[in-house]
Protein chains: 4
Amino acid sequence: MHEDGPVTTARTARPGRARSEAARLAILDATRDELAERGYDKLSLDRIAAAAGVGKATIYRWYPAKAALVAEGMLTGHLLPHLEVADTGDVRRDVLDWLRASFSTFASPAAGGLIRASIAATAEDAAVAEHYEERVTSVTRAALLARLESGRRARQIRDGAPLEALVESLIGTVLLHVVTRRDPGDAALGATVELLFDGVAARPA
Amino acid sequence: MHEDGPVTTARTARPGRARSEAARLAILDATRDELAERGYDKLSLDRIAAAAGVGKATIYRWYPAKAALVAEGMLTGHLLPHLEVADTGDVRRDVLDWLRASFSTFASPAAGGLIRASIAATAEDAAVAEHYEERVTSVTRAALLARLESGRRARQIRDGAPLEALVESLIGTVLLHVVTRRDPGDAALGATVELLFDGVAARPA
Amino acid sequence: MHEDGPVTTARTARPGRARSEAARLAILDATRDELAERGYDKLSLDRIAAAAGVGKATIYRWYPAKAALVAEGMLTGHLLPHLEVADTGDVRRDVLDWLRASFSTFASPAAGGLIRASIAATAEDAAVAEHYEERVTSVTRAALLARLESGRRARQIRDGAPLEALVESLIGTVLLHVVTRRDPGDAALGATVELLFDGVAARPA
Amino acid sequence: MHEDGPVTTARTARPGRARSEAARLAILDATRDELAERGYDKLSLDRIAAAAGVGKATIYRWYPAKAALVAEGMLTGHLLPHLEVADTGDVRRDVLDWLRASFSTFASPAAGGLIRASIAATAEDAAVAEHYEERVTSVTRAALLARLESGRRARQIRDGAPLEALVESLIGTVLLHVVTRRDPGDAALGATVELLFDGVAARPA
DNA sequence: CAGTAACCGAGACGGTACGTCGAGTCTTACA
DNA sequence: TGTAAGACTCGACGTACCGTCTCGGTTACTG
């Protein structure tokens, strides 16, 4: 009656020197700095390696290509900050605050450069796009959707409202302004919230 | 590449050649093909020059850098198709049709690759972003806005409605799906139109 | 692209910028310095390119590989000095002087390093060996042979003497000492000349 | 004899696992194969380690550097075959046979590649050159010299003949042909022997 | 006979150099 | 004199090795 044999060693104990998590994190940090400073297509793996104090081969040992490195950085939160959606009880106000926070975050050169680099990487590479969707956008999407559903339960949002479409419009609006580098005034953000909650259709009297 | 007609008059003119517009158009065509096939950051001016039958110096005579070439290509319509906004009298339907046409256009690999390359170029380079906004987005923006104002005059849209915000949401929604390569079903497009016209707010009975 | 141009452009007048002879010479000079300092297998094309003020691609435009670069340097005399064989009327003395000059030349670190690097390149690569034989060894061989034949005409060397074998022995002796870095004394050089002229066989009384 | 405790470790046996002679021999065999196949400067310790079924650190535990490995391989006879000098009573014939055997051995691709790799290593590295001289060349030198002195005792070689110079010429001639990859005919070997025994000087009648 | 110290295969590490390719500039021959 | 062709410098790419440093694990001497 032997218990579990060497089965547990099957996965964790490879031969050879263990891979250095410290090196991996140094690479991601250096990548974030380079991306913020120079953008995606000016990214140089030579510079990243030098800045991280790492051999170039180590980068390729972890990530097969430049795009994968950027993708990994995004999904581990090393590159992009996470924005919470508050719940004050007033769903319109919480959505507006999220919009304001998003725009003020991405208005800074560093965060703006990072997000634009991520968008460029996403636009260039389908695999990166998938990572981005799964690990970044979907988190934001879910957070917004949860807040909206909470608002519906609070009877601030009507039953049957197209909440998914609302989320897409919110994120899309932010994305559009980030890409075109336009800064909407606070009034425009208010107008967006008005639009999404009240619509534009003429009301039958 | 074609021959200019009145070649025989060359004696009276200055020595040298006067054929330039054909080369310029060949460059733009080759750029469009390369962008659609390989994307922005894999764009090679050597390949473009070879494909256009043109010397590299000729490209630099017109465009100071790679980003400027892409920007110029976009604003002359060589890269991106222009989508009309119809006016059937029913503004909801016309907006929905524009959404459908946009998605079906960008779902094709060629047009999708082009628009994603443009987005990457835009995200990389502020000057390209400005060009893009001035010559491409603003055209679409104006066309949509004109249709919406026409709808307001027809009493299908209420006075004081945030039409600019609506336009941003529409374009942003399209942009988001293009970048993430997700294909919304037709039902989702209908939900987006419903959202933008009717809002989500609970109505006072 | 049409082909009704003058046929006379066939070989000498290619289109495009002419290849820079100055760059080629700078490459060879830098190669010589690197070889003398570090030897053949520590030779770095990056360093050569930097020292010559030349792009690495330019080196590869001229020479397909490291070995070919070294071979070309040798055959153009950029790497190895040429040693003359004097003709004072006394063939033994002239041969001895050539031996002395050869050893004193190759005893210096710079010339010794160069010749050893050339030997390493020759030993590594058959194509280099062929170049070396055709352009370097054969010149020395011919010069020595000419002097020996002149000595035979002066009745200092017997008819039917194996002059080619003598040349091989002379060059081989020099090569052996260069490779093993041993410095024969002057007496040993004299003994070599005595050997080659008088032989070792016992004489019938 | 009481104060210093661990002095007794001066015995041959150290604590810990003994070094594996089998691993050392596998390394030398793999080195020989790699050298014959690819030459000295393409030698890869990674490949040697893999071929020998040995960790790279084991190689460095035995040999401090690539050059030392090659040197050690040469002096243990793992890399180069040893050529005997026969003694049939006829010294001219024995020398000629040694020359023939040397050339026929080094004419084979494997032995030729090995000897050329050794020459390259020797030319590159002074320490290797010293090893080579001490353990390889000097053995051949001594064997040839012994045979020549035996010939002198048999009155086939005159007293006072420069035997060391003869040995240098013989080895140098072989070396020269190995490096330049030229194959002398049998007649040329005969001419070399004639040269070394009879000289080239005109004889006073 | 249990400890333990040096060994072992394996392979990741920081580096250096490779040979290729692309950007943007400059030069030559031709039209 | 403008254009194609293409060589130029510069610099990044992704790969291969070097020589070193861990890993987990294996002998074989020692206490």
Side-chain angles (χ1 to χ4, degrees), chain A residues 9 12-20 22-23 42-47 49-50 52-62 64-66, chain B residues 7 10 13-20 23 41-47 49-50 52-61 64-66, chain C residues 1-2 4-6 9 12-20 22-23 42-47 49-50 52-62 64-66, chain D residues 8-9 11 13-20 22-23 42-47 49-50 52-61 64-66:
Chain A
T9 64
T12 52
R14 295 188 316 163
R17 180 178 179 171
R19 286 165 63 143
S20 162
K42 299 242 171 52
L43 202 61
S44 156
L45 292 193
D46 286 280
R47 266 196 304 270
V54 141
K56 239 194 317 179
T58 299
I59 300 180
Y60 285 98
R61 216 169 274 126
W62 286 98
K66 192 156 80 165
Chain B
V7 174
R14 297 184 304 270
R17 317 224 304 217
R19 185 173 63 100
S20 58
D41 80 339
K42 299 235 170 56
L43 199 62
S44 156
L45 291 194
D46 287 276
R47 268 196 302 269
V54 141
K56 260 203 293 183
T58 302
I59 300 180
Y60 283 96
R61 210 181 312 283
K66 189 159 86 165
Chain C
M1 256 74 76
H2 44 82
D4 57 359
T9 64
T12 51
R14 294 188 314 165
R17 182 178 178 174
R19 286 164 65 144
S20 162
K42 299 243 170 51
L43 201 61
S44 157
L45 293 194
D46 286 277
R47 266 196 304 270
V54 141
K56 242 195 317 180
T58 299
I59 299 180
Y60 285 97
R61 211 169 279 124
W62 287 96
K66 191 155 81 165
Chain D
T8 53
T9 61
R11 271 177 292 170
R14 294 181 305 168
R17 180 178 179 176
R19 281 157 61 147
S20 161
K42 299 239 169 55
L43 200 62
S44 157
L45 291 194
D46 287 273
R47 266 196 305 269
V54 141
K56 257 201 299 182
T58 301
I59 299 180
Y60 284 96
R61 211 168 280 123
K66 190 158 84 166

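Because the structure is predicted, anything quoted here is derived from the model rather than measured. Note on naming: letters A, B, ... go to the chains in the order of the sequence lines (proteins, then strands), and numbering restarts at 1 for each one. All heavy atoms count here, side chains included; hydrogens, waters and symmetry mates do not.
The distance from the CG atom of B:Asp41 to the NZ atom of A:Lys42 is 11.0 Å, given to the nearest 0.5 Å. Between B:Lys56 atom NZ and B:Ser44 atom OG the span is 8.0 Å, to the nearest 0.5 Å.
A straight line from CZ of D:Arg47 to P of E:dA10 spans 17 Å, rounded to a whole angstrom. At whole-Å resolution of the value, NZ in D:Lys66 and P in F:dT20 are 14 Å apart. Between C:Leu43 atom CG and E:dA17 atom P the separation is 11 Å, expressed in whole Å. Rounded to whole Å, the distance from CH2 on C:Trp62 to P on F:dT9 is 11 Å.
Comparing D:Ala18 and A:Ala52 along DNA chain E, the residue whose closest nucleotide (by nearest heavy atom) sits nearer the 5' end is D:Ala18. If you find the closest nucleotide of DNA chain F to A:Gly16 and to D:Lys42, the one lying nearer the 5' end belongs to D:Lys42. Nearest-nucleotide mapping onto DNA chain E: of B:Ala65 and C:Leu45, the residue sitting toward the 5' end is C:Leu45.
The side chain of B:Asp46 lies closest to E:dA23 when the candidates are E:dA23, F:dC10, F:dT20. The side chain of C:Ser44 lies closest to E:dC18, out of E:dC18, E:dG11, F:dG14. In this structure, of E:dG11, F:dT9, F:dA12, it is E:dG11 that holds the atom nearest to the side chain of D:Lys56. Checking F:dA5, F:dT9, F:dA4 against every side-chain atom of C:Pro15, the shortest atom distance belongs to F:dA5. In this structure, of F:dG19, E:dC13, F:dT9, it is F:dG19 that holds the atom nearest to the side chain of D:Tyr60. Checking E:dA12, E:dC21, F:dC8 against the side-chain heavy atoms of A:Arg61 singles out E:dA12 as nearest. When the nucleotides F:dT20, E:dT28, F:dG14 are ranked by their closest atom to the side chain of A:Arg17, F:dT20 comes out on top.
Between B:Ile59 and B:Leu45, the shortest heavy-atom distance links the atoms CD1-O, 4.1 Å. Closest of all the heavy-atom pairs between C:Ala49 and C:Gly55 is CB-C, 4.3 Å.
Residue contacts shown for B:Ile59 are absent, as no nucleic acid heavy atom lies under 4.0 Å away. Backbone-only contact: D:Thr58 has heavy atoms under 4.0 Å from sugar-phosphate atoms and none from a base.
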